[in-house]
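Take a look at the structure below.
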Amino acid sequence: MTSTTGRTTPASAGVLFWACCCAAYLSGCATPQVDSLLRERPSGLPASQSIQVPFFPQREHQCGPAALAMVLDAAGDTVAPQDLIGSVFVPAREGSLPPEMLAAARRHGRLAMTLPRRVDAVLAEVADGTPVVVLQNLGLSWLPLWHYSVVVGYDLDRRFIVLQSGGQGATPMSLRTFELTWARSQYWAMVAPSPDRLPVSAQPLQMFAAAAALERIDPGSARRAYRSMTLRDPGLPEAWIGLGNTAYQQGDLQESASAFTKATELDPASADAWNNLATALTALGRACEGAAAARRALQIGGAHLAQYQQTAADIDSACAQAP
Amino acid sequence: MKRIKQAVVTVSCACLLGAGFLMPAQAALIGSDQIVRSDSAARSRIDGWLARDEVRSALAAQGVEPAQLQARVAALSDDEARDLAARIDQLPAGGDGGDILGILFAVFIILLITDILGLTKVFPFTRPIHR
C-alpha cells in the first residue's frame with residue numbers, strides 16, 4: 001500500500017504541475033482576429049470554400065519546397081518539390097527562409113507577395129480560388145517547430161480552416177489553433193498567382209512593389225502583371241510606368257510611349273513619368289517631342305534629377321541633329 | 001585570411017559603386033524598382049547591392065550550393081535582401097517536426113536515467129538501482 005502511494009504521488013504532482021503551467025500559458029493566448037471574424041463576418045466572404053490543390057508528400061525538412069510546388073502546380077505549372085530544393089532550402093538551417101520562398105516563386109514567373117497580416121485576408125484569397133502559403137510555429141515559442149502549410153479551404157460555421165502540407169493531405173484545423181500557431185510567425189503568409197490574376201487582398205502599391213521585384217528577373221511576366229493592374233485600377237500611375245518600362249525592355253516602344261503618356265495624364269507632377277516618356281519618344285525617333293517631355297521632368301525635379309538632366313541633354317542633341 | 005578577402009571584396013565593391021555614381025548618369029528610363037524606393041534614392045541602391053553580397057556569403061556559409069547562389073540572390077527584392085542580410089540567423093526556417101520529437105525523446109531518456117539512478121521519481125514504472 002505504501003509503495004503504491006509512493007509511486008503515484010510524485011507522478012500526480014507532476015501532472016498537476018504541468019496542467020497548471022499549461023493553464024497559465026493558455027490563459028495568455030487570445031485569438032482576437034478569429035474572435036472578431038466569427039462575431040462579425042466580413043461582407044462578401046462566403047461561409048465556406050474548398051479548392052483543389054495537387055498534393056506532394058515531403059521528404060525530411062522539405063515542407064518549404066513541397067508547399068511551394070503545391071501553389072505553383074495549382075495554377076498550372078508542373079514543378080516537383082525536388083526541383084525547388086535548390087532554390088529555397090538552407091542545409092545548415094534544415095529549412096527554408098520566408099524571403100527565399102517569395103524569390104523562388106518569382107523565378108517561376110509568379111507575382112509572389114506577402115499578404116496583409118490578417119486571417120480575413122488569407123480567407124479572402126482562398127475564397128477567390130488562390131491557395132495561400134502560411135508559416136506556422138506548431139510548437140511553442142521556446143520549443144519552436146516551424147512549418148509551411150498551404151491553406152486550401154475553410155468553414156466559418158464549423159470554425160475550421162483546411163491546411164495541406166508536405167506532411168499531410170488536406171486536414172482541418174480549428175481557426176483558434178490556426179491563429180495561435182500562425183501569430184508566432186508574425187502572421188507570415190504569401191501567395192504566388194500567375195501575373196494575369198492579382199491577389200484580391202493586396203494594396204495597389206504593394207502589388208506594384210511585387211511586380212517591380214519580378215521585373216528584375218522576368219520583365220515579360222512583370223509586364224503581364226502591370227497590364228493586369230492597369231485593367232483592375234486604371235487610375236494608378238505607377239502601374240502605367242511599370243507597363244511602359246517593361247514594354248520598353250521588350251522592344252515594344254509604341255506601347256511603352258502610350259503607357260508613359262497615360263501616366264503623365266494621371267499624374268502630371270510625376271517627373272519620372274515625363275523622363276521615361278521622353279526616353280521612349282526619342283527611341284521612337286520623335287526626339288523633338290521628347291525634348292518637351294524631358295523639360296517637364298527637369299522643371300519638376302526630385303530625387304532622380306541627375307538622370308533627368310542627362311536625358312534632357314542627350315535628347316536636345318538628338319533633336320538638333322534631326323532632319 | 002577569409003576576413004581579409006571579405007574586406008577586400010567589400011571595399012572594392014564600394015569603390016566600383018562609388019565610381020558608378022560619380023560618372024554622369026546615362027539617358028535612360030527611371031526603373032520601376034527606383035520608383036518603389038524613391039524616398040531614399042541612391043543610398044538604398046548601394047544598400048541593396050551590398051545586402052545581396054552579404055546574403056550570398058551567408059547562404060554559402062550555411063551550405064547552399066555555390067551554383068545556386070547567384071540566381072537565388074538575384075530574385076530577391078532590395079527590401080527582402082536587406083531583411084535577410086540583417087537577420088538571416090533570427091528568421092525562422094520552416095522545416096518539419098523532427099526536432100520537437102528529438103527534444104522530447106531526449107528529455108524522456110534523461111528523466112528515465114535520473115529515475116534509475118534514484119535522483120528523480122518521475123515514471124511509475126522505474127525502480128532505482130540502489131535501494
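Sequence lines set the chain letters: A, B, ... in the order given, protein chains first and strands last, and positions in each chain run from 1.
Between chain B and the options A:E215, A:E238, A:E100, heavy-atom pairs under 4.5 Å are most frequent for A:E100. Per-residue heavy-atom pair counts under 4.5 Å with chain B were compared for A:A271, A:A278, A:S96, and the maximum is reached by A:S96. Between chain A and the options B:I88, B:D83, B:D79, the largest number of non-hydrogen pairs under 4.5 Å is found for B:I88.
A donor-acceptor contact shorter than 3.5 Å is absent between the side chain of A:S221 and the backbone of A:D218.
Both the backbone and the side chain of A:L97 come within contact range of chain B, judged by heavy atoms closer than 4.5 Å. Interface residue A:R93: backbone and side-chain heavy atoms are both found under 4.5 Å from chain B. Heavy atoms of B:L59 lying under 4.5 Å from chain A belong exclusively to its side chain. For B:A71, the parts lying near chain A are the backbone and the side chain together; criterion is any non-hydrogen pair under 4.5 Å. Looking at A:F89, only its backbone comes within 4.5 Å of chain B, counting heavy atoms on both sides. For A:L243, no part sits under 4.5 Å from any heavy atom of chain B, backbone or side chain. Proximity to chain A is limited to the side chain of B:L84, based on heavy atoms less than 4.5 angstrom apart.
Using a 4.0 Å cut-off between a side-chain N of Lys or Arg and a carboxylate O of Asp or Glu, A:E255 and A:R227 qualify as a salt bridge. A:R223 and A:D252 are joined by a salt bridge, as a carboxylate oxygen and a charged side-chain nitrogen come within less than 4.0 angstrom of each other.
Ring orientation note: the planes of A:Y308 and A:H304 are nearly perpendicular, at an angle over 60° on the 30°/60° scale.
Aromatic rings from B:F108 and B:F123 are positioned such that their centres are separated by under 6.0 Å.
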Could you walk me through whether A:T230 and A:L236 satisfy the side-chain contact (heavy atoms from CB on, under 4.5 Å) test, starting with their C-alpha distance in whole Å, then the side-chain angles of each, then the deciding distance to 0.1 Å, before giving a yes or no? CA-CA 7 Å; A:T230 61; A:L236 186 71; over 6 Å; no
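Each of A:T279, A:I241, A:N275, A:L281 was evaluated against A:F260; a single residue qualifies, A:I241, per the side chain to side chain contact (heavy atoms under 4.5 Å, CB included) test.
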